[in-house]
> 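This is the structure I have questions about; it appears just below.
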Amino acid sequence: MQTNLADFVKKNQNSTEAEAILRSCVHCGFCLATCPTYQLLGDELDSPRGRIYLMKQVLEGHTVTQKTQLHLDRCLACRACETTCPSGVRYSHLLDISRGIVEEKVARSNYNELKRFVIRKFLTSRYVFKFSVKVAQLLRAFMPAKIKSSIPPMNSSAADWHNTPHKRRMLVLDGCVQPTLAPNINAATARVLDKLGISLINVAEAGCCGALAYHLNAQQQGLDAMRHNIDVWWPLIESRQIEAIVISASGCGVTVKEYGHFLQYDTAYAEKAKIVAALAKDISEVIVAELEDLTVLLKKASLNRPNKLAFHSPCTLQHGMKIRGVVEKILNSVGITLCQVDNPHLCCGSAGTYSILQPTLSQQLLKDKVIALTANEPAQIVTANIGCLMHIQRGTSLPVKHWIELLDTLLHPSPLSP
Ligand code: SF4
Ligand code: SF4
(Lines give C-alpha, C1' and ligand atoms only; values in the text may rest on other atoms or scores of the structure.)
(Ligands and ions follow the chains in the order given, each with its own letter.)
Protein backbone atom coordinates (compact mmCIF):
# COMPACT_ATOMS: atom_id res chain seq x y z
CA MET A 1 0.00 0.00 0.00
CA GLN A 2 1.39 3.45 -0.97
CA THR A 3 1.59 5.83 1.99
CA ASN A 4 2.31 9.50 2.54
CA LEU A 5 2.29 10.21 6.26
CA ALA A 6 1.36 13.69 7.48
CA ASP A 7 4.20 15.79 8.89
CA PHE A 8 2.71 15.80 12.41
CA VAL A 9 2.67 11.96 12.32
CA LYS A 10 6.26 11.77 11.02
CA LYS A 11 7.36 13.54 14.21
CA ASN A 12 5.96 10.69 16.33
CA GLN A 13 8.38 8.01 17.53
CA ASN A 14 6.15 5.26 16.18
CA SER A 15 5.61 6.71 12.68
CA THR A 16 8.07 4.27 11.05
CA GLU A 17 6.21 1.35 12.58
CA ALA A 18 2.83 2.75 11.49
CA GLU A 19 4.06 3.23 7.93
CA ALA A 20 5.55 -0.27 7.77
CA ILE A 21 2.27 -1.79 8.99
CA LEU A 22 0.21 0.20 6.48
CA ARG A 23 2.51 -0.86 3.65
CA SER A 24 2.31 -4.52 4.63
CA CYS A 25 -1.45 -4.68 3.89
CA VAL A 26 -2.11 -5.85 0.33
CA HIS A 27 -5.93 -5.37 0.50
CA CYS A 28 -6.62 -9.04 -0.16
CA GLY A 29 -9.61 -9.04 2.20
CA PHE A 30 -8.99 -12.52 3.67
CA CYS A 31 -9.39 -10.99 7.14
CA LEU A 32 -13.02 -10.03 6.48
CA ALA A 33 -14.12 -13.63 6.85
CA THR A 34 -13.01 -13.88 10.48
CA CYS A 35 -13.82 -10.37 11.74
CA PRO A 36 -16.72 -10.52 14.23
CA THR A 37 -17.87 -6.94 13.69
CA TYR A 38 -17.87 -7.33 9.91
CA GLN A 39 -19.89 -10.52 10.27
CA LEU A 40 -22.46 -8.71 12.41
CA LEU A 41 -22.65 -5.37 10.60
CA GLY A 42 -21.64 -6.22 7.01
CA ASP A 43 -20.05 -2.78 6.58
CA GLU A 44 -16.55 -2.72 5.07
CA LEU A 45 -15.66 0.12 7.48
CA ASP A 46 -16.32 -2.32 10.34
CA SER A 47 -13.85 -4.80 8.86
CA PRO A 48 -10.07 -4.91 9.33
CA ARG A 49 -9.40 -3.82 5.73
CA GLY A 50 -11.87 -0.93 6.01
CA ARG A 51 -10.44 0.17 9.35
CA ILE A 52 -6.90 0.02 7.95
CA TYR A 53 -8.11 2.32 5.17
CA LEU A 54 -9.59 4.71 7.76
CA MET A 55 -6.39 4.62 9.81
CA LYS A 56 -4.34 5.39 6.68
CA GLN A 57 -6.46 8.51 6.20
CA VAL A 58 -5.88 9.50 9.84
CA LEU A 59 -2.12 9.02 9.51
CA GLU A 60 -2.00 10.90 6.21
CA GLY A 61 -3.61 13.92 7.83
CA HIS A 62 -7.09 13.79 6.26
CA THR A 63 -9.99 15.16 8.28
CA VAL A 64 -10.85 12.84 11.14
CA THR A 65 -14.50 12.70 12.09
CA GLN A 66 -16.76 11.06 14.65
CA LYS A 67 -17.51 8.46 11.99
CA THR A 68 -13.83 7.45 11.96
CA GLN A 69 -13.92 7.26 15.74
CA LEU A 70 -17.10 5.18 15.72
CA HIS A 71 -15.68 2.51 13.39
CA LEU A 72 -12.46 2.31 15.41
CA ASP A 73 -14.43 2.19 18.68
CA ARG A 74 -16.47 -0.71 17.35
CA CYS A 75 -13.32 -2.78 16.83
CA LEU A 76 -12.98 -5.40 19.56
CA ALA A 77 -9.18 -5.47 19.20
CA CYS A 78 -9.67 -9.24 19.19
CA ARG A 79 -6.88 -9.72 16.63
CA ALA A 80 -8.68 -12.50 14.76
CA CYS A 81 -7.66 -10.56 11.64
CA GLU A 82 -3.99 -10.94 12.58
CA THR A 83 -4.39 -14.70 12.80
CA THR A 84 -6.02 -14.80 9.36
CA CYS A 85 -3.81 -12.28 7.55
CA PRO A 86 -1.35 -14.00 5.18
CA SER A 87 0.80 -10.85 5.02
CA GLY A 88 1.43 -10.64 8.77
CA VAL A 89 -0.17 -7.20 9.20
CA ARG A 90 0.28 -6.08 12.85
CA TYR A 91 -3.22 -4.65 12.96
CA SER A 92 -3.41 -4.13 16.74
CA HIS A 93 -0.27 -1.97 16.86
CA LEU A 94 -1.66 0.21 14.06
CA LEU A 95 -4.94 0.45 15.95
CA ASP A 96 -3.18 1.62 19.13
CA ILE A 97 -1.23 4.30 17.25
CA SER A 98 -4.27 5.52 15.31
CA ARG A 99 -6.65 5.51 18.26
CA GLY A 100 -4.17 7.72 20.14
CA ILE A 101 -4.28 10.30 17.32
CA VAL A 102 -8.06 10.09 16.83
CA GLU A 103 -8.56 10.67 20.56
CA GLU A 104 -6.63 13.93 20.29
CA LYS A 105 -8.46 15.10 17.16
CA VAL A 106 -12.08 14.15 17.85
CA ALA A 107 -13.72 15.34 21.05
CA ARG A 108 -16.11 12.96 22.77
CA SER A 109 -19.30 14.15 24.41
CA ASN A 110 -18.99 15.06 28.08
CA TYR A 111 -21.08 12.01 28.96
CA ASN A 112 -18.77 9.67 27.02
CA GLU A 113 -15.64 11.23 28.46
CA LEU A 114 -17.04 10.88 31.96
CA LYS A 115 -18.09 7.27 31.36
CA ARG A 116 -14.62 6.33 30.14
CA PHE A 117 -12.97 8.17 33.02
CA VAL A 118 -15.17 6.47 35.63
CA ILE A 119 -14.63 3.00 34.11
CA ARG A 120 -10.88 3.54 34.03
CA LYS A 121 -10.62 4.83 37.57
CA PHE A 122 -13.11 2.38 39.06
CA LEU A 123 -11.68 -0.79 37.52
CA THR A 124 -8.05 0.07 38.14
CA SER A 125 -8.49 1.30 41.75
CA ARG A 126 -8.29 -2.11 43.38
CA TYR A 127 -9.55 -0.99 46.80
CA VAL A 128 -12.51 1.04 45.52
CA PHE A 129 -13.44 -1.83 43.20
CA LYS A 130 -13.10 -4.41 45.98
CA PHE A 131 -15.20 -2.37 48.40
CA SER A 132 -17.93 -1.83 45.77
CA VAL A 133 -18.06 -5.53 44.84
CA LYS A 134 -18.24 -6.54 48.53
CA VAL A 135 -21.19 -4.19 49.06
CA ALA A 136 -22.87 -5.55 45.91
CA GLN A 137 -22.26 -9.12 47.11
CA LEU A 138 -24.00 -8.36 50.41
CA LEU A 139 -27.02 -7.01 48.52
CA ARG A 140 -26.88 -9.66 45.79
CA ALA A 141 -29.82 -11.67 47.09
CA PHE A 142 -32.14 -8.68 46.69
CA MET A 143 -31.10 -7.82 43.14
CA PRO A 144 -32.91 -8.59 39.89
CA ALA A 145 -31.58 -11.69 38.08
CA LYS A 146 -29.96 -9.68 35.27
CA ILE A 147 -27.77 -7.65 37.66
CA LYS A 148 -27.21 -10.62 39.96
CA SER A 149 -25.52 -12.57 37.18
CA SER A 150 -22.87 -9.83 36.93
CA ILE A 151 -21.90 -10.14 40.60
CA PRO A 152 -20.10 -13.29 41.68
CA PRO A 153 -21.20 -14.76 45.02
CA MET A 154 -18.78 -14.39 47.93
CA ASN A 155 -16.05 -16.98 47.77
CA SER A 156 -14.56 -17.84 51.12
CA SER A 157 -12.69 -20.97 50.00
CA ALA A 158 -10.14 -19.15 47.89
CA ALA A 159 -7.64 -17.92 50.44
CA ASP A 160 -5.37 -20.97 50.74
CA TRP A 161 -2.42 -20.48 48.41
CA HIS A 162 -0.35 -23.47 49.75
CA ASN A 163 2.79 -21.37 49.89
CA THR A 164 5.32 -24.12 50.60
CA PRO A 165 8.85 -22.87 49.91
CA HIS A 166 10.32 -24.65 46.86
CA LYS A 167 13.59 -24.23 45.03
CA ARG A 168 11.72 -23.26 41.88
CA ARG A 169 9.94 -19.90 42.23
CA MET A 170 7.74 -17.88 39.93
CA LEU A 171 6.10 -14.48 40.24
CA VAL A 172 2.40 -14.11 39.65
CA LEU A 173 0.49 -11.06 38.40
CA ASP A 174 -2.62 -10.58 40.54
CA GLY A 175 -4.03 -7.83 38.30
CA CYS A 176 -6.84 -5.36 39.01
CA VAL A 177 -10.28 -7.01 39.00
CA GLN A 178 -9.49 -10.74 39.21
CA PRO A 179 -8.44 -10.82 42.90
CA THR A 180 -11.88 -9.44 43.80
CA LEU A 181 -14.10 -11.19 41.26
CA ALA A 182 -12.45 -14.60 41.25
CA PRO A 183 -9.73 -14.88 43.94
CA ASN A 184 -9.79 -18.63 43.57
CA ILE A 185 -8.10 -18.49 40.14
CA ASN A 186 -4.68 -17.43 41.39
CA ALA A 187 -5.11 -19.46 44.57
CA ALA A 188 -5.78 -22.53 42.39
CA THR A 189 -2.75 -21.60 40.24
CA ALA A 190 -0.59 -21.52 43.39
CA ARG A 191 -1.97 -24.86 44.65
CA VAL A 192 -1.41 -26.63 41.30
CA LEU A 193 2.12 -25.23 40.99
CA ASP A 194 2.83 -26.20 44.60
CA LYS A 195 2.02 -29.83 43.70
CA LEU A 196 4.51 -29.50 40.84
CA GLY A 197 7.24 -28.18 43.16
CA ILE A 198 7.00 -24.50 42.24
CA SER A 199 6.34 -21.64 44.71
CA LEU A 200 4.26 -18.76 43.48
CA ILE A 201 5.17 -15.29 44.77
CA ASN A 202 2.69 -12.44 44.68
CA VAL A 203 4.19 -8.98 45.05
CA ALA A 204 1.14 -7.20 46.45
CA GLU A 205 2.24 -3.76 45.21
CA ALA A 206 1.96 -4.89 41.56
CA GLY A 207 -1.37 -3.91 40.05
CA CYS A 208 -3.18 -3.64 36.75
CA CYS A 209 -1.06 -4.76 33.78
CA GLY A 210 -1.84 -1.41 32.13
CA ALA A 211 -4.11 -2.75 29.37
CA LEU A 212 -7.31 -1.29 30.73
CA ALA A 213 -6.23 2.35 30.68
CA TYR A 214 -4.10 1.94 27.56
CA HIS A 215 -6.96 0.56 25.49
CA LEU A 216 -9.31 3.25 26.79
CA ASN A 217 -6.94 5.68 25.10
CA ALA A 218 -5.41 6.87 28.36
CA GLN A 219 -2.14 5.60 26.99
CA GLN A 220 0.14 7.43 29.44
CA GLN A 221 -1.77 6.02 32.42
CA GLY A 222 -1.41 2.55 30.92
CA LEU A 223 2.34 3.00 30.41
CA ASP A 224 2.70 4.25 34.00
CA ALA A 225 1.00 1.07 35.27
CA MET A 226 3.49 -1.00 33.24
CA ARG A 227 6.46 0.94 34.63
CA HIS A 228 5.09 0.50 38.16
CA ASN A 229 4.89 -3.29 37.78
CA ILE A 230 8.41 -3.43 36.37
CA ASP A 231 9.67 -1.42 39.37
CA VAL A 232 8.06 -3.63 41.98
CA TRP A 233 9.11 -6.88 40.28
CA TRP A 234 12.61 -5.79 39.41
CA PRO A 235 14.44 -6.69 42.68
CA LEU A 236 13.29 -10.33 42.35
CA ILE A 237 14.14 -10.42 38.65
CA GLU A 238 17.54 -8.77 39.04
CA SER A 239 18.57 -11.11 41.84
CA ARG A 240 17.46 -14.07 39.68
CA GLN A 241 15.11 -15.33 42.36
CA ILE A 242 12.33 -16.19 39.92
CA GLU A 243 12.27 -18.14 36.68
CA ALA A 244 9.05 -16.74 35.19
CA ILE A 245 6.13 -14.35 35.65
CA VAL A 246 2.96 -16.42 35.57
CA ILE A 247 -0.28 -14.85 34.38
CA SER A 248 -3.61 -16.63 34.65
CA ALA A 249 -5.67 -13.98 32.84
CA SER A 250 -4.84 -14.08 29.14
CA GLY A 251 -5.99 -10.46 28.74
CA CYS A 252 -3.16 -9.41 31.09
CA GLY A 253 -0.73 -11.99 29.71
CA VAL A 254 -0.86 -10.61 26.20
CA THR A 255 -0.09 -7.13 27.55
CA VAL A 256 2.83 -8.12 29.80
CA LYS A 257 4.32 -10.11 26.91
CA GLU A 258 4.28 -6.86 24.93
CA TYR A 259 5.81 -4.60 27.62
CA GLY A 260 8.97 -4.50 25.48
CA HIS A 261 6.94 -3.13 22.60
CA PHE A 262 4.91 -0.64 24.64
CA LEU A 263 7.98 0.81 26.36
CA GLN A 264 10.43 0.60 23.44
CA TYR A 265 10.92 4.40 23.29
CA ASP A 266 11.37 4.85 27.04
CA THR A 267 15.14 4.81 27.51
CA ALA A 268 14.85 4.21 31.27
CA TYR A 269 12.57 1.18 30.92
CA ALA A 270 13.05 -0.31 27.43
CA GLU A 271 15.65 -2.94 28.43
CA LYS A 272 13.88 -3.91 31.65
CA ALA A 273 10.56 -4.14 29.80
CA LYS A 274 12.08 -6.56 27.29
CA ILE A 275 13.35 -8.77 30.12
CA VAL A 276 9.96 -8.72 31.89
CA ALA A 277 8.20 -9.56 28.62
CA ALA A 278 10.52 -12.50 28.01
CA LEU A 279 9.78 -13.86 31.51
CA ALA A 280 5.98 -13.57 31.12
CA LYS A 281 4.16 -16.87 30.64
CA ASP A 282 0.53 -17.78 30.41
CA ILE A 283 -0.26 -20.46 33.00
CA SER A 284 -0.92 -22.94 30.17
CA GLU A 285 2.70 -22.56 28.98
CA VAL A 286 3.94 -23.38 32.48
CA ILE A 287 1.65 -26.37 32.95
CA VAL A 288 2.25 -27.90 29.52
CA ALA A 289 5.99 -28.00 30.31
CA GLU A 290 5.15 -30.03 33.46
CA LEU A 291 2.61 -32.30 31.81
CA GLU A 292 4.45 -35.54 32.51
CA ASP A 293 4.62 -34.85 36.27
CA LEU A 294 1.04 -33.65 36.27
CA THR A 295 -0.32 -36.82 34.68
CA VAL A 296 1.63 -38.96 37.18
CA LEU A 297 0.13 -36.95 40.06
CA LEU A 298 -3.36 -37.29 38.65
CA LYS A 299 -2.97 -41.03 38.06
CA LYS A 300 -2.12 -41.40 41.73
CA ALA A 301 -5.25 -39.45 42.61
CA SER A 302 -7.30 -41.82 40.36
CA LEU A 303 -10.37 -39.61 40.34
CA ASN A 304 -13.52 -39.49 38.33
CA ARG A 305 -13.08 -36.93 35.60
CA PRO A 306 -15.91 -34.43 35.09
CA ASN A 307 -18.32 -35.02 32.23
CA LYS A 308 -17.57 -33.35 28.94
CA LEU A 309 -16.64 -29.69 28.99
CA ALA A 310 -16.64 -26.84 26.51
CA PHE A 311 -13.50 -24.70 26.34
CA HIS A 312 -13.69 -21.07 25.24
CA SER A 313 -10.28 -19.92 24.07
CA PRO A 314 -10.07 -16.14 24.68
CA CYS A 315 -8.94 -13.97 21.76
CA THR A 316 -6.02 -12.76 23.87
CA LEU A 317 -4.86 -16.39 24.21
CA GLN A 318 -5.36 -17.64 20.66
CA HIS A 319 -4.90 -14.48 18.58
CA GLY A 320 -2.93 -12.21 20.93
CA MET A 321 -0.40 -14.67 22.41
CA LYS A 322 -0.88 -17.21 19.58
CA ILE A 323 -1.27 -20.00 22.14
CA ARG A 324 -3.51 -22.47 20.36
CA GLY A 325 -4.40 -26.01 21.34
CA VAL A 326 -2.29 -25.91 24.53
CA VAL A 327 -5.08 -25.80 27.11
CA GLU A 328 -6.96 -28.39 25.06
CA LYS A 329 -3.85 -30.62 25.10
CA ILE A 330 -3.51 -30.28 28.88
CA LEU A 331 -7.18 -31.07 29.53
CA ASN A 332 -7.16 -34.02 27.11
CA SER A 333 -3.96 -35.38 28.69
CA VAL A 334 -5.58 -35.50 32.11
CA GLY A 335 -8.55 -37.42 30.72
CA ILE A 336 -11.09 -34.64 30.21
CA THR A 337 -13.34 -34.82 27.16
CA LEU A 338 -13.86 -31.52 25.36
CA CYS A 339 -16.90 -30.77 23.20
CA GLN A 340 -16.64 -29.59 19.64
CA VAL A 341 -17.31 -25.79 19.61
CA ASP A 342 -18.20 -24.09 16.31
CA ASN A 343 -16.38 -20.91 15.28
CA PRO A 344 -13.87 -21.06 18.14
CA HIS A 345 -11.94 -18.14 16.61
CA LEU A 346 -14.79 -15.67 17.32
CA CYS A 347 -14.78 -13.26 20.25
CA CYS A 348 -17.36 -13.70 23.03
CA GLY A 349 -17.93 -9.91 23.14
CA SER A 350 -16.20 -9.27 26.44
CA ALA A 351 -13.03 -7.62 25.03
CA GLY A 352 -11.93 -5.59 28.05
CA THR A 353 -14.43 -2.78 28.53
CA TYR A 354 -16.18 -3.41 25.19
CA SER A 355 -19.16 -5.05 26.89
CA ILE A 356 -19.78 -1.76 28.75
CA LEU A 357 -19.01 0.62 25.88
CA GLN A 358 -20.59 -1.33 22.99
CA PRO A 359 -23.35 -3.30 24.76
CA THR A 360 -25.46 -4.11 21.69
CA LEU A 361 -22.66 -5.70 19.66
CA SER A 362 -21.26 -7.34 22.76
CA GLN A 363 -24.60 -8.97 23.62
CA GLN A 364 -25.01 -10.30 20.07
CA LEU A 365 -21.56 -11.87 20.22
CA LEU A 366 -22.31 -13.31 23.66
CA LYS A 367 -25.53 -14.88 22.45
CA ASP A 368 -23.78 -16.54 19.49
CA LYS A 369 -20.90 -17.70 21.67
CA VAL A 370 -23.17 -19.29 24.28
CA ILE A 371 -25.08 -21.13 21.53
CA ALA A 372 -21.79 -22.45 20.13
CA LEU A 373 -20.43 -23.43 23.54
CA THR A 374 -23.56 -25.22 24.70
CA ALA A 375 -24.56 -26.92 21.42
CA ASN A 376 -23.07 -30.27 22.46
CA GLU A 377 -24.48 -30.14 25.98
CA PRO A 378 -21.36 -29.76 28.11
CA ALA A 379 -21.59 -30.10 31.89
CA GLN A 380 -19.64 -26.86 32.31
CA ILE A 381 -17.62 -24.26 30.44
CA VAL A 382 -13.99 -23.42 31.07
CA THR A 383 -11.96 -20.51 29.80
CA ALA A 384 -8.66 -18.71 30.42
CA ASN A 385 -9.49 -15.07 31.08
CA ILE A 386 -11.46 -13.38 33.84
CA GLY A 387 -13.21 -10.98 31.44
CA CYS A 388 -14.52 -13.80 29.22
CA LEU A 389 -15.44 -15.87 32.28
CA MET A 390 -17.62 -13.15 33.82
CA HIS A 391 -19.15 -12.21 30.47
CA ILE A 392 -20.05 -15.78 29.41
CA GLN A 393 -21.43 -16.50 32.88
CA ARG A 394 -23.98 -13.73 32.26
CA GLY A 395 -25.29 -15.67 29.26
CA THR A 396 -25.66 -19.17 30.68
CA SER A 397 -26.77 -21.05 33.77
CA LEU A 398 -23.92 -23.56 33.32
CA PRO A 399 -20.96 -22.98 35.64
CA VAL A 400 -18.10 -21.10 33.96
CA LYS A 401 -14.64 -21.52 35.50
CA HIS A 402 -11.00 -21.00 34.70
CA TRP A 403 -9.51 -24.30 33.51
CA ILE A 404 -6.79 -24.11 36.20
CA GLU A 405 -9.53 -24.27 38.86
CA LEU A 406 -10.67 -27.51 37.32
CA LEU A 407 -7.16 -28.95 37.46
CA ASP A 408 -6.94 -27.80 41.08
CA THR A 409 -10.13 -29.65 42.03
CA LEU A 410 -8.73 -32.83 40.42
CA LEU A 411 -5.51 -32.50 42.40
CA HIS A 412 -7.18 -31.39 45.63
CA PRO A 413 -10.64 -32.98 45.71
CA SER A 414 -12.84 -31.54 48.40
CA PRO A 415 -13.99 -34.06 51.01
CA LEU A 416 -17.55 -32.95 50.21
CA SER A 417 -17.28 -33.52 46.43
CA PRO A 418 -19.00 -36.65 45.03
S1 SF4 B 1 -5.00 -7.02 6.79
FE2 SF4 B 1 -4.07 -8.80 5.81
S3 SF4 B 1 -5.81 -10.11 5.27
FE4 SF4 B 1 -6.65 -8.06 5.65
S5 SF4 B 1 -6.66 -7.03 3.66
FE6 SF4 B 1 -4.69 -6.49 4.61
S7 SF4 B 1 -3.25 -8.04 3.87
FE8 SF4 B 1 -5.30 -8.84 3.44
S1 SF4 C 1 -9.39 -6.78 15.81
FE2 SF4 C 1 -11.22 -8.12 15.65
S3 SF4 C 1 -12.96 -6.70 15.47
FE4 SF4 C 1 -11.08 -5.49 15.07
S5 SF4 C 1 -10.86 -5.54 12.86
FE6 SF4 C 1 -9.62 -7.26 13.65
S7 SF4 C 1 -11.00 -9.03 13.62
FE8 SF4 C 1 -12.29 -7.20 13.38
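Atoms within each ligand, like the ligands themselves, are counted from 1 in listed order. What you see is a predicted model, and the numbers here were worked out from it, not measured in a lab.
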> Tell me whether the rings of Tyr259 and Trp233 are parallel (<30°), tilted (30 to 60°) or perpendicular (>60°).
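Taking Trp233 first and then Tyr259, their aromatic rings lie parallel (interplane angle under 30°).
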> Looking at every heavy atom in both Val254 and Arg79, which two are closest together, and how far apart are they?
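In this case the closest contact between Val254 and Arg79 is CG2-NH1, 3.9 Å.
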> Kindly give the heavy-atom pair with the smallest separation between Gly222 and Ala213, and that separation in Å.
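It is N-CB, 3.7 Å.
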> Tell me: protein heavy atom nearest atom 2 (Fe) of ligand 2, and distance?
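Result for atom 2 (Fe) of ligand 2: Cys78 SG, 2.3 Å.
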> Suppose I only count heavy atoms of His27 and a 4.0 Å limit; which atoms of ligand 1 are within that range?
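Atoms satisfying the 4.0 Å criterion: 5 (S), 6 (Fe).
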> Distance under 4.0 Å to a non-hydrogen atom of Ser87: what atoms of ligand 1 satisfy this?
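Those atoms are 7 (S).
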> How does Tyr91 reach ligand 2, if at all, at less than 4.0 Å between non-hydrogen atoms: by side chain, backbone, both, or neither?
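It is the side chain that gets close, since no backbone atom is under 4.0 Å.
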> Is there an N/O/S atom in Cys25 that lies less than 2.8 Å from atom 6 (Fe) of ligand 1?
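Yes, within the cut-off.
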> Considering the heavy atoms of Pro86, write down every atom of ligand 1 situated less than 4.0 Å from one of them.
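Result: 3 (S).
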> Test of understanding: given a 4.0 Å heavy-atom threshold, classify the contact between Cys347 and ligand 2 as side chain, backbone, both, or neither.
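No part of Cys347 is near ligand 2 at this cut-off.
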> Around Phe117, counting heavy atoms of other residues, nucleotides and ligands shown, do more than 12 lie under 6.0 Å from its CZ?
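Not more than 12 within 6.0 Å, no.
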> Within the structure, is a non-hydrogen atom of Gly88 found at a distance of less than 4.0 Å from ligand 1?
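No, Gly88 has no heavy atoms under 4.0 Å from ligand 1.
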> Cationic tip of Lys105 within the cone over Phe8's six-membered ring, i.e. under 6.0 Å and within 45° of the normal?
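That pair qualifies as a cation-pi contact.
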> Using a strict 4.0 Å cut-off to heavy atoms of Arg51, name the atoms of ligand 2 that fall inside it.
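What qualifies from ligand 2 is 3 (S), 4 (Fe), 5 (S), 8 (Fe).
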> Give the residue, atom name and distance (to 0.1 Å) of the protein heavy atom nearest atom 8 (Fe) of ligand 2.
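Sorting protein heavy atoms by distance from atom 8 (Fe) of ligand 2 puts Cys35 SG, 2.4 Å first.
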> For a distance under 2.8 Å, tell me if Cys85 has an N/O/S atom near atom 2 (Fe) of ligand 1.
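Checking Cys85: at least one N, O or S atom is under 2.8 Å.
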> Counting heavy atoms only, name the option from Leu32, Leu94, Val26 that's nearest to atom 7 (S) of ligand 1.
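Nearest option to atom 7 (S) of ligand 1, by heavy atoms: Val26.
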> Between Asn229 and Glu205, is there a side-chain heavy-atom distance shorter than 4.5 Å?
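Not touching, per the 4.5 Å side-chain cut-off.
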> Could you list which atoms of ligand 2 come closer than 4.0 Å to a heavy atom of Cys75?
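In order of number, 1 (S), 3 (S), 4 (Fe), 5 (S).
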> Decide yes or no on salt bridge (charged side-chain N to carboxylate O under 4.0 Å, His left out) for Lys272 and Asp266, but give the supporting numbers first.
CA-CA 10 Å; Lys272 288 181 179 177; Asp266 183 329; over 6 Å; no
> List the atom of Ala225, the atom of Gly210, and the distance in Å for their closest heavy-atom pair.
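Nearest heavy atoms, Ala225 then Gly210: CB-CA, 3.7 Å.
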> Are Pro48 and ligand 1 in contact, using a heavy-atom cut-off of under 4.0 Å?
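It does not; every heavy atom stays at 4.0 Å or beyond.
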> Has Arg99 got a side-chain atom pairing as donor or acceptor with Leu72's backbone, closer than 3.5 angstrom?
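Flag set: sc Arg99 to bb Leu72 pair under 3.5 Å.
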> Is a side-chain donor or acceptor of His402 paired with a backbone partner of Ser248 at a separation under 3.5 angstrom?
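Here the side-chain-to-backbone pair exists.
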> Leu212 and Ile119: which non-hydrogen atoms are nearest, and at how many Å?
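Residues Leu212 and Ile119, closest heavy atoms: CD2-O, 4.3 Å.
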> Give the atom numbers and elements of ligand 1 that come within less than 4.0 Å of a heavy atom of Gly29.
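Ligand 1 atoms under the 4.0 Å threshold to Gly29: 5 (S), 8 (Fe).
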> At under 4.0 Å between heavy atoms, is it the side chain or the backbone of Cys28 that contacts ligand 1, or both, or neither?
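Contact part for Cys28 vs ligand 1: both backbone and side chain.
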> If we only consider heavy atoms of Ile52, is any one of them less than 4.0 Å away from an atom in ligand 1?
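For ligand 1, residue contact (heavy atoms, under 4.0 Å) with Ile52 is present.
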> Looking at atom 6 (Fe) of ligand 2, what's its closest protein heavy atom, distance included?
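For this ligand atom, the closest protein heavy atom is Cys81 SG, 2.4 Å.
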> Measure the shortest side-chain to side-chain distance between Glu19 and Val9 over non-hydrogen atoms and say whether it is less than 4.5 angstrom.
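Side-chain contact under 4.5 Å: no.
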> Relative to ligand 2, is Glu82 under 4.0 angstrom through side chain, backbone, both or neither, heavy atoms considered?
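For Glu82, no heavy atom sits under 4.0 Å from ligand 2.
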> Atom 3 (S) of ligand 2: which protein heavy atom is closest, and how many Å away?
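Protein heavy atom with the smallest distance to atom 3 (S) of ligand 2: Leu76 N, 3.5 Å.
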